[in-house]
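Below is one structure, written out as structure tokens; the observations come after it.
As the structure lists them, so they are numbered: ligands from 1, and atoms in each ligand from 1.
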Amino acid sequence: MSKVCEWCGSAKIKKMDKTVYWELPDGTRAVEIKETPSIQCLDCQMIYQEEALIKQIEDQLFLVNTKNLPKVFTYKKLMAEERMLKRNYFDFSDLEGY
Ligand SMILES: [Zn+2]
């Protein structure tokens with residue numbers, strides 16, 4: 001994680017978990033992601049998620065079957081969701097009787 005606030009450059013930042021609202025990649029609905037690793041700046045009071053984490057969430061939402069996602073879930077739950085390519089692979093294996 002970066003050592004200074006992305007907004008004001010202050011070094012007085014700390015990690016925290018925050019609930020964030022996210023629009024699904026297909027734009028059909030918004031979901032609530034709880035306990036998302038975030039950074040709080042004690043100087044400017046900004047609370048934000050790092051770019052790398054935002055990309056991670058967006059990649060994951062793109063790869064999992066969002067129809068199976070409830071409206072509210074935690075960041076850990078989202079990251080534990082099976083990605084569709086993997087699930088298809090296992091479905092295929094099942095057909096072959098493994
Ligand atoms: Zn700041």
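Within the structure, the salt bridge (Lys or Arg N to Asp or Glu O under 4.0 Å) test picks out the following pairs touching residues 17-32 (sequence neighbours left out): E32-K34.
Considering only residues two or more places apart in sequence or on other chains, T66 meets the side-chain hydrogen bond (donor to acceptor under 3.5 Å, both in side chains) condition with none of them.
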Which atom pairs, donor and acceptor, lie under 3.5 Å between side-chain atoms of residues 37-47 and protein residues at least two apart or in another chain?
from, atom 1, to, atom 2, distance (Å)
S38, OG, T36, O, 2.9
S38, OG, Q49, NE2, 2.9
D43, OD2, S10, OG, 2.6
Q45, NE2, L42, O, 3.0

Decide salt bridge (Lys or Arg N to Asp or Glu O under 4.0 Å) for K55 and E51; before the verdict, give the C-alpha distance in whole Å, the side-chain angles of both, and the deciding distance to 0.1 Å.
CA-CA 6 Å; K55 184 166 187 335; E51 283 295 323; over 6 Å; no
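M79 has its side chain within reach of Y75: a pair of non-hydrogen atoms, C-beta onward, lies under 4.5 Å apart. I54 has its side chain within reach of W22: a pair of non-hydrogen atoms, C-beta onward, lies under 4.5 Å apart.
Less than 2.8 Å away from the Zn ion (ligand 1), the protein contributes these N/O/S atoms: C5 SG, C8 SG, C41 SG, C44 SG.
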